[in-house]
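See structure below.
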Amino acid sequence: MLKAPQTRDPFAGDGFAGAVVEWFVETGRHDLPWRQTADPYAILVSEIMLQQTQVATVLERGYFTRWLERFPDPAALAAAAEPEVLKCWEGLGYYNRARNLQKAARALIEEHGGSFPGELDKIRALPGVGRYTAGAIASIAFGRAAAVVDGNVVRVFARLFDFREAVDTPAAQKRFWEWAERLVPENRPREYNAGLMELGQRVCLRTSPACLACPVADWCAATDPAALPIKNGGPKTVFVTERVLFAVRDGRLLLERESGSRRRGLWKLPALPEDFAGEAPPVMLETKYSITHHRVDLIVQGWAGDPTGLSAGPNPVESEGELAWFDLQTEVPAIAMPSPYRRAVETILARQKA
DNA sequence: GATGCGTGGTC
DNA sequence: TGACCAAGCAT
């Protein structure tokens, strides 16, 4: 990697922040829908959606715009029924984000009289809002000089300060926050924070950083930027098999609602017991999906036409949650299902139609 | 402080 | 193609 040596100190004066701000003002993505608004609620929605989720996913699949059309303000979201809230979130994952967003809307109504607080600690107290999100809202929506540290900032800082230790430790995170607090400027913190993150997203790339195009290369101490940041990594992938039932009766599909988990309130194909071998319904579909550090082999079993096997003998369903039948035409499309099950159902239905 | 959480994209 | 990752948070 070709990269000029460091010649300037990020902490000396406001040159570093000024360079980030200038770069953002001149070349930033000002067309993003959440940059077309000054509404703190809309900024909150965007920041929650963007947690651990790529810009392209939120943007191209229309989640942000659709959400604001359906829930244009905290009052609309606070008054909504949770199933509809989850349905609007379907496919984004981390469904507690949607539930917390509604809790936050209710807190805005009930504890703040419907007006959005501009103080960092009050923003931070909203459900689902952690240190990053609070800083992002305070700076972007209110112009406060609050720091942000996300995955992009970690990568930029690891290189800027040539940080050759693991970044995914509490001690390292503490240092990144200290650096962020020291560097965030009183002048134009909105453009600085947005620019710092966008720099990580578009220039300070993970595997091939574009140092020749970087506006802060003069301040960067890294000699081998592509080797940073260093991570310990998470747990190893666990491979599991999941057998579920596809049962249709009178045009209605049997689904199970998860109860205790964080996918609570979402509907899935009911689980079949592991040892359900002898009289098991035939395999209709086998597919794979990943969830956190699990790699799941999803096997859908059932009777395409005549589900007599379902009513014969004991209930073949191993269920921890509530079971219910949903009309395939009208109800199944309207309820919230995790993506793997949604895809499986649609694949099977399309196959039967053909 | 470690762990669990959803999904889609990337190389 | 499998491991890694992306605008983190709550418990």
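Computed over heavy atoms, backbone and side chain alike; hydrogens, waters and symmetry mates excluded. We name chains A, B, ... by the order of the sequence lines, and we start the count at 1 in each one. Just so it is clear, the structure is predicted and the values come from calculations on it, not from any experiment.
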Next item on the list: Select base, sugar-phosphate, or nothing to describe what A:V129 touches, counting heavy atoms under 4.0 Å on all strands.
Entry: sugar-phosphate
Check: Aromatic ring centroids of A:W67 and A:F64 under 6.0 Å?
Finding: no
Next item on the list: Could you tell me the separation between the CG atom of A:L59 and the P atom of B:dT7, rounded to a whole number of Å?
Entry: 20 Å
Checklist line | Residue whose closest nucleotide on DNA chain B lies nearer the 5' end, A:E60 versus A:Q51 | finding: A:Q51
Margin query: Let's see if you can work this out: which of C:dA3, C:dA7, C:dA10 has an atom nearest to the side-chain heavy atoms of A:F239?
Written below: C:dA3
Check: With sugar-phosphate meaning primed atoms plus P, OP1 and OP2, does A:R342 contact a base, only sugar-phosphate, or nothing at under 4.0 Å between heavy atoms?
Finding: nothing
Check: Touch check for A:W34, heavy atoms < 4.0 angstrom, all strands: base, sugar-phosphate only, or nothing?
Finding: base
Item checked: Candidate nucleotides C:dA6, B:dT7, C:dA7, ranked by approach to the side chain of A:P338 - the nearest -> B:dT7
Next item on the list: Choose from C:dG8, B:dG8, C:dA7 the nucleotide whose nearest atom is closest to any side-chain atom of A:Q54.
Entry: B:dG8
Checklist line | Sugar-phosphate, base or nothing in reach of A:R131, heavy atoms under 4.0 Å | finding: sugar-phosphate
Check: Is a donor on one side and an acceptor on the other found under 3.5 Å between the side chain of A:R159 and the backbone of A:P225?
Finding: yes
Note to self: Would you call the rings of A:F176 and A:F157 parallel, tilted or perpendicular, taking 30° and 60° as the class edges?
What the structure shows: parallel
Note to self: Ignoring hydrogens, what is the shortest heavy-atom contact between A:D297 and A:E286? Give both atom names and the distance.
What the structure shows: OD2-OE2, 2.7 Å
Margin query: Regarding A:Y95, tell me which of base, sugar-phosphate or nothing describes its non-hydrogen contacts under 4.0 Å with the strands shown.
Written below: sugar-phosphate
Check: Which one, C:dA7, C:dC5, C:dA10, comes nearest to the side chain of A:K231?
Finding: C:dC5
Notebook entry, point to check: Nearest of C:dA7, B:dG6, C:dA3 to any side-chain atom of A:I291?
Noted result: B:dG6
Notebook entry, point to check: Can you find an N or O donor on one side and an acceptor on the other, under 3.5 Å apart, linking the side chain of A:T53 with the base of B:dG6?
Noted result: yes
Note to self: So if I take every side-chain heavy atom of A:R206 and compare against B:dG8, C:dA10, C:dA6, which nucleotide ends up nearest?
What the structure shows: C:dA6
